[in-house]
Amino acid sequence: MVQPLQNLVRLSLPSKGRLAEDALAFLQACGLSVYKPNPRQYEATIPSLPGLTVLFQRPADIVVSVRDGSVDFGITGIDVIEERRGENGSLMVLHESLGFGACALCLAVPEIWNGVDSVARLRQYVEELGRPLRVATKYPVLTGRFLRNAGIPHVLISAEGTLETAPAIGYADIISDLVSSGQTLRDNRLRPLTDGVIQPSQAALIANRASLQRSPEALQIARQLLEYIEAYLRARDEVAIFANMRGTSPEELATRIFTQPTIAGLQGPTISRVIVRSGDPNWYAVNVIVPRSRLFQAISELRAVGGSGVVVVPVNYIFEEEPPRYTAMLKALAEG
Ligand SMILES: Nc1ncnc2c1ncn2[C@@H]1O[C@H](COP(=O)(O)OP(=O)(O)OP(=O)(O)O)[C@@H](O)[C@H]1O
Ligand SMILES: O=P(O)(O)OC[C@H]1O[C@H](OP(=O)(O)OP(=O)(O)O)[C@H](O)[C@@H]1O
Ligand SMILES: [Mg+2]
């Protein structure tokens with residue numbers, strides 16, 4: 001039975017661009033695969049979260065929908081969140097770093113403006129110009145605030161589409177735009193200011209405060225989303241290592257292992273008896289979780305303490321007692 005939309009908790013995902021694919025891939029990696037039977041349909045589901053309906057919107061529209069409460073949750077970029085969240089606190093950021101969609105909103109000036117490579121030099125340039133700076137941007141709120149704080153007289157020119165060409169065409173002096181590799185700026189003979197980062201950005205999980213305060217279902221979805229996301233992100237950079245070791249007792253093995261910096265593990269090694277055919281009672285299996293970046297050291301250390309037959313497997317989730325951001329969310333809700 002298809003439940004009417006209004007009874008279901010709604011999560012909006014980016015409908016286009018690189019953020020769309022990355023968001024679906026991220027949720028799948030977290031174990032929250034999105035099921036969209038008909039690519040033309042605007043709604044979908046996450047089978048492991050039955051009470052949820054998934055919608056698809058442009059990244060900036062997701063912010064407006066969550067802010068105004070027509071959607072309960074969203075995944076979109078911090079840049080558009082900070083640009084459009086408004087001042088009334090109706091939008092909450094539940095997780096500020098989902099680990100994809102990294103970019104930054106930056107001020108960029110024509111390469112030919114020699115020496116104008118910092119905010120201070122830009123301010124000096126505008127004083128010499130003797131008129132306000134014309135800035136083309138899709139982010140008037142963030143850009144205006146940044147330039148006011150920098151004491152730079154300016155006029156904001158709202159630009160849709162390829163605003164990188166604005167200085168070349170001549171309807172703006174400089175731009176503020178999203179930058180990740182910097183290729184678009186270089187292609188348009190623009191240069192970011194060294195201290196011109198207006199807003200670092202990556203994908204984030206947002207929610208409507210009133211929905212969380214009013215709907216137990218929404219609160220439950222918030223917990224499940226944060227459980228999966230936090231456990232996945234915590235585990236993403238870890239690996240589980242299994243090795244065989246000979247020793248006189250688990251405690252003696254642990255003492256040997258604790259002499260090694262990397263393989264001491266999260267709390268300590270898990271040590272279990274290995275029943276070998278020969279009946280030798282001194283065989284043990286050791287299991288430790290180590291950062292992926294320190295795998296090589298871990299293997300060397302295990303060998304150093306007599307480890308052999310080392311097996312390495314990825315870790316899908318690490319669930320702590322409580323998802324820290326869920327606890328923080330409850331605190332923020334209580335503070336009103
Ligand atoms: N180069 C990039 N690298 C990483 N993330 C990006 C990049 N460009 C955009 N993003 C992220 O994706 C979101 C949507 O990107 P984008 O600006 O392309 O929106 P859009 O819906 O395509 O709007 P437009 O059609 O005006 O480009 C941005 O808000 C930002 O969070
Ligand atoms: O620093 P770079 O790696 O060059 O990325 C920056 C560009 O990426 C985004 O555009 P997008 O790729 O979404 O294309 P679009 O302009 O069509 O939205 C953004 O609007 C910048 O133009
Ligand atoms: Mg785009």
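Both backbone and side-chain heavy atoms feed into the values below; hydrogens, waters and symmetry mates do not. Atoms within a ligand are numbered from 1 in the order they appear, just like the ligands themselves. This chain uses plain numbering: 1 for the first residue, then up along the sequence.
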Below the 3.5 angstrom mark, is there an N/O of L178, backbone or side chain, next to an N/O of ligand 2?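 The answer is no, given that L178 and ligand 2 share no N or O pair closer than 3.5 Å.
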*asked:* Below 3.5 Å, N or O to N or O, backbone or side chain included: is there any such pair between S180 and ligand 2?
replied: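 Yes, S180 has an N/O under 3.5 Å of an N/O on ligand 2.
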With heavy atoms of [X] as the reference, note each atom of ligand 2 found under 4.0 Å away.
| X | value |
| --- | --- |
| R18 | 8 (O), 11 (P), 12 (O) |
| D177 | 20 (O), 21 (C), 22 (O) |
| E164 | 21 (C), 22 (O) |
| V179 | 1 (O) |

Under 4.0 Å between heavy atoms, the region of P14 that gets near ligand 1 turns out to be neither
message: Taking the six-membered ring of Y326 as reference, does the cationic atom of K331 (NZ for Lys, CZ for Arg) lie under 6.0 Å from its centre and within 45° of its axis?
response: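 Pair K331/Y326 does not count as cation-pi.
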Using a distance-only test with no angle check, is there a side-chain donor-acceptor pair under 3.5 angstrom linking [X] and [Y]?
| X | Y | result |
| --- | --- | --- |
| S90 | N88 | yes |
| E217 | S215 | yes |
| S12 | Q57 | yes |

Heavy-atom pairs closer than 4.0 Å: do any link ligand 2 to the side chain of L185, the backbone, both, or neither?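 Neither; nothing of L185 gets under 4.0 Å from ligand 2.
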Is it true that [X] and [Y] have a side-chain N and a carboxylate O under 4.0 angstrom from each other?
| X | Y | value |
| --- | --- | --- |
| R223 | E322 | yes |
| E83 | K138 | no |
| R189 | E111 | yes |

Note to self: So, 4.0 Å and heavy atoms of G101: is ligand 1 close enough to count as a contact?
What the structure shows: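 Per 4.0 Å heavy-atom rule, G101 contacts ligand 1.
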Could you pull out, from [options], the option with a heavy atom nearest to [atom]?
| atom | options | answer |
| --- | --- | --- |
| atom 19 (O) of ligand 1 | A159, S201, P59 | P59 |
| atom 30 (C) of ligand 1 | D79, D177, T76 | D79 |
| atom 21 (O) of ligand 1 | K16, Q199, Q202 | K16 |

With heavy-atom distances below 4.0 Å as the criterion, list the atoms of ligand 1 near [X].
| X | value |
| --- | --- |
| G77 | 31 (O) |
| K138 | 24 (P), 26 (O), 27 (O) |
| V80 | 29 (O) |

Let me check something: any side-chain donor-acceptor pairs from residues 142-152 under 3.5 Å, sequence neighbours excluded? List them with distances.
{"from": "T143", "atom 1": "OG1", "to": "T137", "atom 2": "OG1", "distance (Å)": "3.2"}
{"from": "T143", "atom 1": "OG1", "to": "Y139", "atom 2": "O", "distance (Å)": "2.6"}
{"from": "T143", "atom 1": "OG1", "to": "S176", "atom 2": "OG", "distance (Å)": "2.8"}
{"from": "R148", "atom 1": "NH1", "to": "G144", "atom 2": "O", "distance (Å)": "3.3"}
{"from": "N149", "atom 1": "ND2", "to": "R145", "atom 2": "O", "distance (Å)": "3.3"}

Consider ligand 2: state whether an atom of it lies below 4.0 angstrom from any non-hydrogen atom of G17. no
- Query: Within a radius of less than 6.0 Å around CZ of R246, do more than 12 heavy atoms belonging to other residues, nucleotides or ligands occur?
  - Reply: yes
Strictly under 6.0 Å, is that where the ring centroids of F26 and F100 end up?
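Yes.
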